[in-house]
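Shown next, in structure tokens, is the structure this report addresses.
Atoms within a ligand are numbered from 1 in the order they appear, just like the ligands themselves. Residue numbers start at 1 and run along the sequence shown. Only this structure's heavy atoms are used, side chains among them; waters, hydrogens and symmetry mates stay out.
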Amino acid sequence: MNFETIQVEVNQGVGIITLNRPKAMNALNVTLTREVGEAVDAFERDDNVGCMIITGGEQVFAAGADIKEMKDQNFVDLYSRDFPYIQRDCWRAIDDARKPIIAAVAGFALGGGCEMAMACDFIIAADSAKFGQPEIGIGTMPGAGGTQRLTKAVGKAKAMELCLTGRMMDAEEAEKAGLVSRIVPAAELAEQAFKTARKIAGHSRPVVMLVKEAVNMAVDADLQDGLKFERRTFEATFAFEDCKEGMAAFAEKRKPEFKHC
Ligand code: DAK
């Protein structure tokens, strides 16, 4: 895969997407939005990939949509052509992905950058990470899930304050609020995210997909529906060879060899 604004690689079952517009703090222009979508879709189809990482590298995750590219847009265009004017943007691809996606965030994750990280399944943050929805400061508002996902993640009070003021929160505040799964030293972010993704990729792929689906049910469904779904999916894992293998390996005191079926 050849891209202009991102770098991609596959290593030991992990598909890694690195945003790569360092001069613009990885601002999400239309090309990058499309390319991340294409890369996620490609990893989703790739049998060698069991888990993905989206990262901006060591300095910055992404400072939001590209304001310079966006500034001359008008409502009729945005509405009638459905900004960012492409069939398949990163948010749609990330939302549709059935394989887990980890956001590895260092530095700023602002606006669309914060929204991209929140669209992923969980966020591992470097101690340098800063999250925010500063759109109000440029006379607009979040448009790719900021008011919705942030509110579900951190609750109304904090989400409302952050969206209305544009204030950023640091990694510690984000972890306390439940936005990030854990914080690691900035120098270890790539390694820790990779280790986590490799661990997930080593598990039975169909079981991983079911677990992702079940946890996501908890976000959107009521408890009784979620519990019923979990019970059915738990039962369904007994149809997989990997389930037999995992339990046999435990009884025989050896490592399981999953075949992802
Ligand atoms: N867009 C374009 N360029 C950006 C940028 C951005 N968002 N953020 C930074 N840059 C560029 C700067 O213009 C500068 O470029 P040069 O001047 O050197 O050419 C370079 O990156 C370094 O930035 P600064 O000089 O400003 O660096 P500082 O360290 O002083 O400040 C900062 C860093 C991140 C605090 C600051 O750059 C900043 O406030 N940036 C803007 C943050 C922001 O307002 N983000 C929200 C944008 S609106 C949707 C999808 C997505 C969205 C909406 C809808 N749909 C699918 C419907 C998303 C909207 C947004 O994200």
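In summary, Asp89 and Arg34 do not engage in a salt bridge, as defined by a charged side-chain N under 4.0 Å from a carboxylate O. Under the 4.0 Å criterion applied to side-chain N and carboxylate O atoms, Asp47 and Lys259 are not assigned as salt-bridge partners. Salt bridge annotation for Glu241-Lys244: absent, with no cationic side-chain nitrogen under 4.0 angstrom from a carboxylate oxygen. In this structure, Lys152 pairs ionically with Asp220, as a charged nitrogen and a carboxylate oxygen lie closer than 4.0 Å.
Residue contact check for ligand 1: Glu69 places no non-hydrogen atom closer than 4.0 Å to it.
Between Tyr79 and Phe75, the two ring planes are parallel [angle under 30°; tilted spans 30° to 60°].
Atoms of ligand 1 found under 4.0 Å from any heavy atom of Gly112 (numbered from 1 in listed order, with element): 58 (C), 60 (C), 61 (O).
Polar contact check, Gly111 against ligand 1: no nitrogen or oxygen pair lies under 3.5 Å apart. Below 3.5 Å of separation, one finds no N or O of Ile138 facing any N or O of ligand 1.
Distance screen at 4.0 Å: atom 2 (C) of ligand 1 has a protein heavy-atom neighbour inside the cut-off.
When hydrogens are left out, the protein atom nearest atom 38 (C) of ligand 1 is Leu110 CD1, 4.9 Å; that is the closest non-hydrogen contact. Closest protein heavy atom to atom 41 (C) of ligand 1: Ile67 CD1, 3.7 Å. Of the protein's non-hydrogen atoms, the one nearest atom 58 (C) of ligand 1 is Ala65 CB, 3.4 Å. When hydrogens are left out, the protein atom nearest atom 20 (C) of ligand 1 is Lys23 O, 3.5 Å; that is the closest non-hydrogen contact. Scanning all protein heavy atoms for the shortest distance to atom 12 (C) of ligand 1 gives Lys68 NZ, 3.9 Å. With hydrogens left out, the protein atom closest to atom 11 (C) of ligand 1 is Ala24 CA, 4.0 Å, a heavy atom. Of all protein heavy atoms, the one closest to atom 27 (O) of ligand 1 is Met25 CE, 3.7 Å.
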Starting from the C-alpha separation in whole Å, work towards a yes-or-no answer on side-chain contact (heavy atoms from CB on, under 4.5 Å) for Val40 and Ile54.
-> CA-CA 9 Å; Val40 167; Ile54 300 181; 4.3 Å; yes

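Arg232 forms no cation-pi arrangement with Phe229, by the criterion of a distance under 6.0 Å to the ring centre and an angle within 45° of the ring axis.
A centroid separation of less than 6.0 Å is found between the aromatic rings of Phe83 and Tyr85.
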